[in-house]
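Atoms within a ligand are numbered from 1 in the order they appear, just like the ligands themselves.
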Amino acid sequence: MAPGLRLEEGIGLKSADIRLVSVTGANRALVAALELAPEQMDFVASNAESLEEAETDEDARPRVIMAGTRVVGFLMYDASEDEALVYRFMIDRAQQGKGYGKAALRALLDEIGNLAHVREVSICYEPENEAARHLYRAAGFVEQGIDEDGEMIAVLGLVAGMSDL
Ligand SMILES: CC(=O)SCCNC(=O)CCNC(=O)[C@H](O)C(C)(C)COP(=O)(O)OP(=O)(O)OC[C@H]1O[C@@H](n2cnc3c(N)ncnc32)[C@H](O)[C@@H]1OP(=O)(O)O
């Protein structure tokens with residue numbers, strides 16, 4: 001790395017540098033401090049709320065999205081059944097549009113694909129959330145329709161035996 005260039009500055013980071021890690025005492029405050037644009041606030045619960053929820057829900061799997069050494073996003077899912085449900089997914093407003101969402105989704109699907117009991121993944125989002133629709137559709141999710149809460153549900157089937165590969 002060139003002298004004076006710090007990884008934290010995010011210079012030259014590629015989507016391959018995206019990793020999912022557990023929530024720890026060290027990164028928790030950084031996750032809670034991540035922000036959305038005002039018009040995105042209704043698309044997903046606040047991270048502080050999600051972290052609190054995760055403490056009492058033993059099925060919740062919260063993950064911190066790291067780009068190199070920097071905390072850039074957060075997601076949470078439940079894989080207690082054979083259909084995993086992704087119900088939180090966000091990238092900090094200052095870090096959006098850099099391919100991190102796409103790379104984090106790929107990392108998440110790899111992680112879920114390694115769970116032998118999971119056969120499909122479902123995800124829900126507000127119907128007007130075009131960024132989410134674009135991201136999930138590109139990953140192969142197929143829209144199923146609007147649920148009773150007015151959210152779009154999209155489902156991705158996993159290839160049987162993915163975890164054995
Ligand atoms: C389960 C849930 O929680 S659903 C709620 C999802 N979360 C939110 O809506 C929170 C606010 N939004 C976000 O955090 C981000 O915008 C995310 C997570 C949806 C996308 O993350 P980003 O890092 O910005 O996405 P990334 O840069 O990887 O782009 C992914 C694709 O979406 C496209 N995209 C990004 N923003 C938009 C937009 N506003 N409209 C249409 N397409 C968009 C990109 O062009 C890219 O497509 P491409 O690969 O064909 O070029």
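Shown here is E52, whose CD atom has no more than 12 heavy atoms of other residues, nucleotides or ligands within 6.0 Å. Atom CD of E130 sits in a crowded spot, with more than 12 heavy atoms from other residues, nucleotides or ligands closer than 6.0 Å. For D42, the CG atom sits in a loose shell: 12 or fewer heavy atoms of surrounding residues, nucleotides or ligands are nearer than 6.0 Å. Heavy-atom neighbours of E81 CD from other residues, nucleotides or ligands within 6.0 Å: at or below the threshold of 12.
Considering both main-chain and side-chain atoms, N129 comes within under 3.5 Å of ligand 1 through a nitrogen or oxygen pair. Ligand 1 has no N or O atom lying under 3.5 Å from any N or O atom of I123, backbone or side chain. Of the N or O atoms in G99, one or more lie within a sub-3.5 Å distance of an N or O in ligand 1. When only interatomic distances are considered, the shortest N/O to N/O separation between E130 and ligand 1 does not fall below 3.5 Å. At a 3.5 angstrom cut-off on N or O pairs, G101 counts as close to ligand 1. Between K102 and ligand 1, at least one N/O pair is under 3.5 Å apart.
Near Y100, the atoms of ligand 1 lying under 4.0 angstrom from a non-hydrogen atom of the residue are 23 (O), 28 (O). Residue contact check: K98 has heavy atoms under 4.0 Å from atoms 27 (O) of ligand 1. Atoms of ligand 1 lying under 4.0 Å from any heavy atom of C124, numbered from 1 in the order shown and given with element: 1 (C), 2 (C), 4 (S). Close approach of ligand 1 to Y125 is summarised as follows: ligand atoms under 4.0 Å from at least one heavy atom of the residue are 4 (S). Ligand-side atoms of ligand 1 in range of L36: 10 (C), 11 (C), range being under 4.0 angstrom from any heavy atom. Atoms of ligand 1 lying under 4.0 Å from at least one heavy atom of G97, given by number and element, are 22 (P), 23 (O), 24 (O), 27 (O). Each of the following atoms of ligand 1 lies closer than 4.0 Å to a heavy atom of M90: 14 (O). When each atom of ligand 1 is checked for a heavy atom of V86 under 4.0 Å away, the hits are 1 (C).
Using a 4.0 Å cutoff on heavy atoms, Y136 counts as a contact of ligand 1.
The nearest non-hydrogen atom to atom 13 (C) of ligand 1, considering only M76, R88, Q96, comes from Q96. Of the listed residues (A131, A154, A67, S122), the one carrying the non-hydrogen atom nearest atom 38 (C) of ligand 1 is A131.
F141 is not listed as a side-chain neighbour of V155, based on a closest heavy-atom distance of 4.5 Å or more. Inter-residue side-chain proximity for E35 and S46 is flagged as unmet; no heavy-atom pair is nearer than 4.5 Å. You'll find the side chain of D82 stays beyond 4.5 Å of the side chain of V118, heavy atoms only. Under the 4.5 Å side-chain criterion, counting only non-hydrogen atoms from C-beta, Q144 is not in contact with M152. Between Y77 and V121, the closest side-chain pair of non-hydrogen atoms is not below 4.5 Å. Counting heavy atoms from C-beta outward, M90 and L36 have side chains that approach closer than 4.5 Å.
Under the 4.0 Å criterion applied to side-chain N and carboxylate O atoms, E55 and R28 are assigned as salt-bridge partners. Between R63 and E111, at least one side-chain N (NZ, or NE/NH1/NH2) sits under 4.0 Å from a carboxylate O, which counts as a salt bridge. At a threshold of 4.0 Å, the pair E128-R133 does not count as salt-bridged, since none of the basic side-chain nitrogens sits closer than that to a carboxylate oxygen.
Connection of V71 to V44 is established within a shared hydrophobic cluster, with ILVMFWY side chains joined at heavy-atom distances below 4.5 Å, either directly or through further cluster members.
Under the 4.0 angstrom criterion, atom 24 (O) of ligand 1 counts as having a protein heavy-atom contact. Within the 4.0 Å cut-off (strictly below), no protein heavy atom is located near atom 45 (O) of ligand 1. By the definition of a contact as any protein heavy atom under 4.0 Å away, atom 51 (O) of ligand 1 is not in contact.
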For L20 and V64, run side-chain contact (heavy atoms from CB on, under 4.5 Å): C-alpha distance rounded to whole Å, both residues' side-chain angles, the deciding distance at 0.1 Å, then the answer. CA-CA 6 Å; L20 304 184; V64 182; over 6 Å; no

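Scanning the protein for heavy atoms near atom 32 (O) of ligand 1, the closest one is H134 CD2, 3.5 Å. Given atom 30 (C) of ligand 1, the protein heavy atom at minimum distance is L135 CD1, 3.8 Å. In this structure, the protein non-hydrogen atom closest to atom 3 (O) of ligand 1 is F89 N, 3.0 Å. In terms of protein heavy-atom proximity, atom 14 (O) of ligand 1 is closest to I91 N, 2.8 Å.
Contact annotation for V44 and ligand 1: only side-chain heavy atoms (C-beta onward) come within less than 4.0 Å of the ligand. With a 4.0 Å heavy-atom cut-off, ligand 1 is reached by no atom of E126. Looking at Q40 against ligand 1, only its side chain comes within 4.0 Å, counting heavy atoms.
Between Y125 and Y136, the two ring planes are tilted [angle within 30° to 60°].
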